[in-house]
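Reading through the structure tokens given below for one structure.
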Amino acid sequence: GFKTLKKKDVAILNLSKIQQIYEKNKEVFAKTMDLKLLKDKKLINKKFLKLKILGSGEIKSKIDISAHYVSKQAQEKIQKFGGKLNIVKS
């Protein structure tokens, strides 16, 4: 069956939250941060099907992130610190 995506199926993380998560779990996210890893570590609810990154807050680390949606501001800030962004096509 076809399942429509509702807003509540999308985990929304600001850059400030990503920075916090990263600082507490550096070894976990050494390579990349993505939805599966965040769920596995119980940092976000397992009901979420997609990940959206918003540009609020600052990012101070070089982090590689895989997400389904990314705001332009978030993209610029991540790349400014040498991080990489992988947009997951659904």
Side-chain angles (χ1 to χ4, degrees):
F2 181 78
K3 192 172 167 216
T4 57
L5 205 66
K6 296 173 203 70
K7 272 197 163 92
K8 65 176 189 269
D9 293 334
V10 180
I12 297 172
L13 291 179
N14 285 314
L15 291 179
S16 51
K17 185 74 182 157
I18 288 171
Q19 182 66 37
Q20 274 179 345
I21 290 170
Y22 181 76
E23 281 172 15
K24 289 184 184 131
N25 306 274
K26 276 192 175 120
E27 64 291 334
V28 178
F29 300 111
K31 286 189 173 61
T32 190
M33 183 182 286
D34 61 15
L35 187 64
K36 184 186 178 307
L37 216 44
L38 288 164
K39 283 187 199 177
D40 289 351
K41 292 289 160 201
K42 297 183 173 38
L43 293 163
I44 59 173
N45 194 309
K46 64 179 185 287
K47 74 178 168 90
F48 290 122
L49 305 172
K50 306 252 177 175
L51 181 59
K52 183 174 190 172
I53 311 295
L54 297 180
S56 161
E58 288 302 314
I59 196 146
K60 299 171 187 74
S61 306
K62 183 181 168 192
I63 307 174
D64 292 354
I65 303 173
S66 285
H68 299 85
Y69 312 104
V70 179
S71 74
K72 194 162 177 57
Q73 190 186 19
Q75 196 170 356
E76 285 166 4
K77 287 182 180 180
I78 290 164
Q79 289 168 340
K80 194 172 91 180
F81 268 93
K84 286 196 183 86
L85 211 48
N86 177 32
I87 306 295
V88 180
K89 298 284 178 229
S90 38

Heavy-atom nearest pair, G55 first then S71, reads N-OG, 3.2 Å

Sequence neighbours excluded, the answer for side-chain contact (heavy atoms from CB on, under 4.5 Å) partners of S56 is N14

- Task: State plainly whether one hydrophobic cluster holds both Y69 and M33, where clusters connect Ile, Leu, Val, Met, Phe, Trp and Tyr through side-chain heavy atoms under 4.5 angstrom apart.
- Result: no

TODO: Give a yes or no on whether F81 and I53 share a hydrophobic cluster (residues Ile, Leu, Val, Met, Phe, Trp, Tyr; joining criterion: side-chain heavy atoms under 4.5 Å apart).
DONE: yes

Original post:
Taking side chain as C-beta onward, heavy atoms only, is L37 less than 4.5 Å from F29?
Top reply: yes

d(I65 CD1, L15 CG) to nearest 0.5 Å is 7.0 Å

Do the side chains of L85 and L35 join up, straight or via other hydrophobic residues, at under 4.5 Å, putting them in one cluster? yes

Checklist entry - Do the side chains of V10 and L38 join up, straight or via other hydrophobic residues, at under 4.5 Å, putting them in one cluster? => result no

Do I18 and I12 land in one hydrophobic cluster if side-chain heavy atoms of ILVMFWY residues count as linked below 4.5 Å? no

### Query
Taking the side chain from H68 and the backbone from V88, do they hold a donor-acceptor pair closer than 3.5 Å?
no

Hits for side chain to side chain donor-acceptor pair (under 3.5 Å) against N25, two or more places apart or cross-chain, chain-then-number order -> none

In short, salt bridge (charged side-chain N to carboxylate O under 4.0 Å, His left out) pairs touching residues 52-69 with sequence neighbours left out are E58-K77

Taken to the nearest 0.5 Å, the spacing of F48 CZ from K39 NZ works out to 9.5 Å

Checklist entry - Between K84 and T32, is there a donor-acceptor pair closer than 3.5 Å when you use the side chain of the first and the backbone of the second? => result no

Applying side chain to side chain donor-acceptor pair (under 3.5 Å) to S61 and not counting sequence neighbours gives Q19

When every non-hydrogen atom of I78 is compared with those of I63, the smallest separation belongs to CG2-O, 3.9 Å

So the salt bridge (charged side-chain N to carboxylate O under 4.0 Å, His left out) pairs with at least one residue in residues 13-38 (sequence neighbours excluded) are K36-D40

Those residues at least two apart in sequence (or on a different chain) that pass side-chain contact (heavy atoms from CB on, under 4.5 Å) with K8 are K6, K47

